[in-house]
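Data block below; observations after.
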Amino acid sequence: MVNKPPPPRFVVTQQRTRRRGWVWAGLAVVWLASLAGVWWWASSTAAPRLPVISAALEEARGRLGHVQSELDELRQREATLSRSDQISRAANKEVQDALAQRDEQIAQLRADLAFYERMIGPGAKPQPLNVHSVAFDPEAPGSWQYEVVLTQSLNRGGVTQGQLQLRIEGMRGGRPATLAWSDLSPGRPPQAFSFRYFQRLKGSVSLPPGFTPQRVRVDVRGGGVALDQSFGWNDISTTGTT
């Protein structure tokens with residue numbers, strides 16, 4: 001009896017391997033075909049709209065540039081007009097200030113002209129010494145600045161010298177009171193003057209609390225003349241009373 005060899009444990013079947021290869025190849029072809037289909041669909045859908053979108057984009061960019069240019073131009077005009085307005089306002093203020101100064105100068109010149117005409121005019125009466133005007137202006141509480149104008153038209157070309165003192169009459173505590181020069185300007189000597197035709201004398205005096213001025217008396221002595229002139233307070237002060 002002849003012994004037969006045992007059957008092999010592994011059997012290679014080449015036919016199945018070939019079938020699997022064809023299956024994978026088919027799947028790859030299908031996948032590529034799907035990719036090609038998707039690409040074709042996307043191109044056919046988007047490609048016709050692409051030129052329109054590009055044209056709209058370019059138009060929007062052009063409009064944006066135009067609007068930006070107009071905005072820059074408007075800003076430049078605004079800045080120019082603002083500077084012009086500031087310059088115009090400054091120039092207008094300078095002109096107004098100059099006009100106001102000229103008006104003050106003209107008023108002062110007219111006052112001086114009237115003053116000179118009264119001194120040397122045809123109807124002017126020659127006087128050796130005269131108190132032309134008195135004025136009081138407040139400086140601080142209880143303090144007043146005065147201005148006294150002295151004139152002379154008798155001694156033409158001559159110099160008139162002398163001293164001036166002030167007295168102020170009024171009411172204090174319900175009773176009449178008089179403030180002498182020593183009360184108005186403690187420790188100060190009488191105010192000296194020296195002039196040919198006229199002189200403005202200025203200074204300050206102090207009034208005590210509770211004193212109500214009513215009249216100012218100007219005592220002038222010089223050139224052989226003693227003069228005592230009286231002026232109402234309401235006529236010579238800017239406020240009338242303290």
Side-chain angles (χ1 to χ4, degrees), residues 103-242:
D103 289 340
E104 292 180 0
Q105 292 176 358
I106 291 174
Q108 184 62 44
L109 289 173
R110 287 177 176 174
D112 293 342
L113 180 60
F115 169 71
Y116 297 144
E117 288 177 347
R118 286 194 297 269
M119 284 187 59
I120 61 176
K125 182 180 179 181
Q127 293 180 341
L129 187 60
N130 179 53
V131 180
H132 178 265
S133 63
V134 179
F136 276 77
D137 294 316
E139 288 183 316
S143 178
W144 292 78
Q145 183 184 62
Y146 66 84
E147 180 182 277
V148 179
V149 180
L150 301 179
T151 64
Q152 75 84 21
S153 57
L154 183 62
N155 185 14
R156 299 297 179 92
V159 176
T160 301
Q161 296 179 339
Q163 293 180 335
L164 174 144
Q165 296 185 77
L166 300 177
R167 300 194 311 274
I168 299 181
E169 301 173 350
M171 301 294 294
R172 188 177 186 183
R175 296 181 179 181
T178 299
L179 300 178
W181 178 257
S182 58
D183 300 321
L184 299 173
S185 298
R188 180 182 172 189
Q191 190 168 6
F193 60 83
S194 177
F195 64 93
R196 290 185 181 273
Y197 300 108
F198 72 95
Q199 184 176 1
R200 288 186 173 91
L201 301 177
K202 295 183 179 181
S204 296
V205 296
S206 299
L207 303 183
F211 180 82
T212 302
Q214 294 178 338
R215 300 192 66 80
V216 176
R217 305 191 71 89
V218 182
D219 185 4
V220 180
R221 299 179 184 273
V225 177
L227 185 64
D228 187 358
Q229 288 185 239
S230 178
F231 299 85
W233 179 262
N234 292 335
D235 297 329
I236 61 176
S237 68
T238 58
T239 59
T241 59
T242 56

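This is a predicted model, so every value here is computed, not measured. The first residue of the sequence shown is numbered 1, and numbering continues consecutively from there.
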Applying side chain to side chain contact (heavy atoms under 4.5 Å, CB included) to N130 and Q229, what does each step give before you reach the verdict?
CA-CA 9 Å; N130 179 53; Q229 288 185 239; 3.3 Å; yes
For a side chain to side chain contact (heavy atoms under 4.5 Å, CB included) check, start with the C-alpha distance between L150 and V131, then their side-chain angles and the critical distance, and finish with the verdict.
CA-CA 5 Å; L150 301 179; V131 180; 3.8 Å; yes
Check the pair E147 / D137 against side chain to side chain contact (heavy atoms under 4.5 Å, CB included), numbers first and verdict last.
CA-CA 9 Å; E147 180 182 277; D137 294 316; over 6 Å; no
The test is side chain to side chain contact (heavy atoms under 4.5 Å, CB included); show your working for L166 and V218 and say whether it passes.
CA-CA 5 Å; L166 300 177; V218 182; 3.8 Å; yes
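The salt bridge (charged side-chain N to carboxylate O under 4.0 Å, His left out) pairs that include a residue from residues 175-194 number zero, where partners must be two or more places apart or lie in different chains.
Between the side chain of Q152 and the main chain of R196, a donor-acceptor pair closer than 3.5 Å is present. Checked by atom type and distance alone, the side chain of Q163 never pairs as donor or acceptor with a backbone atom of P190 at under 3.5 Å.
Residues passing the ring pair (Phe, Tyr, Trp, His ring centres under 6.0 Å) test with Y146, sequence neighbours excluded: none.
Counting heavy atoms from C-beta on, the side chains of E169 and P213 never come closer than 4.5 Å. Counting heavy atoms from C-beta on, the side chains of D228 and R167 come closer than 4.5 Å. Contact check for V148 versus F193: no side-chain heavy atoms found under the 4.5 Å cut-off. Two residues are said to be in side-chain contact when any heavy atoms from C-beta on lie closer than 4.5 Å; W181 and D219 fail this criterion.
Put simply, CZ on F231 and CD1 on I168 are 13.0 Å apart, with the number rounded to the nearest 0.5 Å. Taken to the nearest 0.5 Å, the OG1 atom of T178 stands 10.0 Å off from the CD atom of Q214. Y197 contributes atom OH, which lies 10.5 Å from atom OG1 of T160 (distance to the nearest 0.5 angstrom). Separation of atoms CH2 (W144) and CG (L184) is listed at 13.0 Å; rounding is to 0.5 Å.
What you find for S194 and V159 is that their closest heavy atoms are OG-CG1, 3.4 Å. Minimum interatomic distance between R221 and A226 (heavy atoms only, all atoms of both residues): NH1-CB, 3.2 Å.
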Show me the side-chain donor-acceptor pairs of residues 202-210 shorter than 3.5 Å, one per line, residues at least two apart or across chains.
{"from": "S204", "atom 1": "OG", "to": "E139", "atom 2": "OE1", "distance (Å)": "2.9"}
{"from": "S204", "atom 1": "OG", "to": "E139", "atom 2": "OE2", "distance (Å)": "3.3"}

